[in-house]
Amino acid sequence: PEATLADLEVYFQHIHNPSGTSEGGRSAGMYQRPVRENQFQKCLRAGLQRFVDENIGMSAEQLGQNLIASSRGNEPKNPTCLPDEAALDFICDEFSDSETVLTGVKYLAAYLLSIDPAVRIVVRQDYTDRVEFTTAATTKGRDFNPHSPLFNIKRTFVEVREQEP
């Protein structure tokens with residue numbers, strides 16, 4: 001539950017306040033700090049969100065819903081034209097050619113996937129289901145001092161290995 005709340009916080013922080021500052025791009029407080037612009041902000045300002053919405057098969061939210069349901073409830077859309085052709089409409093000062101536009105689109109799509117709460121829940125669950133923690137003691141580490149704070153951890157691993165067939 002705490003991780004889910006943290007996911008929602010990250011999502012709302014980046015979607016509704018991408019600059020990470022308070023109102024109007026100014027930092028809270030008496031002194032103004034320089035506002036650093038990141039790649040996410042550049043992509044949004046250049047309008048690449050529209051490219052992602054129109055030319056990528058599905059949104060991060062739809063993919064998250066599919067992952068949670070373990071089905072294809074949301075079918076991907078077929079793009080109307082090739083990515084290189086669609087990128088020509090988004091050339092601007094920040095993205096000077098179609099390759100840089102496509103690089104920005106990839107970044108934006110990946111970023112939106114990384115902050116989507118449903119995708120994060122599924123990836124975290126999959127990770128915890130498949131993660132395997134193994135250790136190997138060095139020659140010096142084989143003889144743990146019984147007063148060491150790590151002594152119980154080693155004993156636990158040894159007991160687990162002995163119980164497995």
Side-chain angles (χ1 to χ4, degrees), residues 1-135 149-150 153 156-157:
E2 291 177 20
T4 305
L5 289 175
D7 292 344
L8 291 173
E9 181 181 5
V10 167
Y11 178 75
F12 285 115
Q13 179 183 15
H14 286 90
I15 294 298
H16 297 294
N17 190 11
S19 65
T21 59
S22 61
E23 301 174 24
R26 295 181 178 206
S27 58
M30 192 167 74
Y31 301 105
Q32 291 184 8
R33 301 193 67 169
V35 177
R36 289 186 55 188
E37 187 172 67
N38 58 25
Q39 187 71 11
F40 179 65
Q41 294 167 334
K42 289 178 186 177
C43 293
L44 289 180
R45 191 177 60 243
L48 297 185
Q49 176 72 45
R50 187 169 56 97
F51 185 101
V52 170
D53 293 341
E54 294 173 358
N55 296 308
I56 303 291
M58 65 178 60
S59 69
E61 293 84 13
Q62 291 171 331
L63 180 64
Q65 291 169 359
N66 283 358
L67 289 173
I68 286 182
S70 297
S71 67
R72 294 185 106 189
N74 298 307
E75 289 293 324
K77 298 179 291 190
N78 290 327
T80 56
C81 61
L82 295 173
D84 290 335
E85 295 171 3
L88 295 175
D89 295 337
F90 293 91
I91 292 177
C92 62
D93 293 339
E94 295 287 333
F95 301 98
S96 58
D97 61 350
S98 63
E99 286 299 316
T100 56
V101 170
L102 291 176
T103 301
V105 166
K106 285 185 223 176
Y107 175 83
L108 184 60
Y111 190 86
L112 292 172
L113 280 173
S114 73
I115 63 172
D116 185 66
V119 172
R120 290 172 68 116
I121 288 169
V122 171
V123 168
R124 184 182 299 111
Q125 184 62 43
D126 194 34
Y127 178 77
T128 56
D129 289 346
R130 295 175 191 222
V131 71
E132 191 172 305
F133 186 82
T134 58
T135 59
L150 301 177
I153 294 173
T156 304
F157 284 125

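In Glu9, the CD atom is not crowded: 12 or fewer heavy atoms of neighbouring residues, nucleotides or ligands sit closer than 6.0 Å.
We find the CG-SG distance between Leu48 and Cys92 to be 7.0 Å, quoted to the nearest 0.5 Å. Note that CD1 of Ile115 and CG of Asp7 are 10.5 Å apart. Values are rounded to the nearest 0.5 Å. Rounded to the nearest 0.5 Å, atoms CG (Asn74) and CD (Gln65) are 5.0 Å apart. Between the NZ atom of Lys42 and the OG1 atom of Thr100 there is a distance of 11.5 Å, given to the nearest 0.5 Å. Within the model, atoms CD of Gln39 and OG1 of Thr103 stand 9.0 Å from one another, a figure rounded to the nearest 0.5 Å. From Asp126, atom CG reaches atom CD1 of Ile121 across 13.5 Å, with rounding to the nearest 0.5 Å.
Contact between Gly104 and Phe95 at its shortest, heavy atoms only, is CA-CE2, 4.0 Å. Annotation for Ser98 and Leu88: closest pair CB-CD2, 4.2 Å, computed over non-hydrogen atoms. Of all heavy-atom pairs between Val101 and Ala87, the closest is CG1-CB, 3.7 Å.
No side-chain heavy atom of Ile56 sits under 4.5 Å from any side-chain heavy atom of Lys77. Taking the side chain as every heavy atom from C-beta outward, Arg45 and Glu94 approach each other to under 4.5 Å. When side chains are defined from C-beta on, Cys43 does not count as touching Tyr111, because their heavy atoms never get closer than 4.5 Å. Contact annotation: the side chain of Tyr11 approaches that of Glu61 to within less than 4.5 Å [non-hydrogen atoms, C-beta and beyond]. Side-chain contact between Asn55 and Val52 is absent, with no heavy-atom pair separated by less than 4.5 Å.
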| request: Might you work through the side chain to side chain contact (heavy atoms under 4.5 Å, CB included) test for Phe40 and Leu112, ending with a clear yes or no? | output: CA-CA 9 Å; Phe40 179 65; Leu112 292 172; 4.1 Å; yes
| task | Please test Glu99 against Asp84 for side chain to side chain contact (heavy atoms under 4.5 Å, CB included), starting from the C-alpha separation and ending with a verdict. | result | CA-CA 8 Å; Glu99 286 299 316; Asp84 290 335; 4.3 Å; yes
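Without hydrogens or angle criteria, Glu54 side chain to Phe51 main chain gives no donor-acceptor distance under 3.5 Å. Under the 3.5 Å distance criterion, the side-chain polar atoms of Asn66 are left unmatched by any main-chain donor or acceptor of Arg72.
Under the 4.0 Å criterion applied to side-chain N and carboxylate O atoms, Arg120 and Asp116 are not assigned as salt-bridge partners.
One side chain, Asp129 or Gln125, offers a donor N or O that lies under 3.5 Å from an acceptor on the other.
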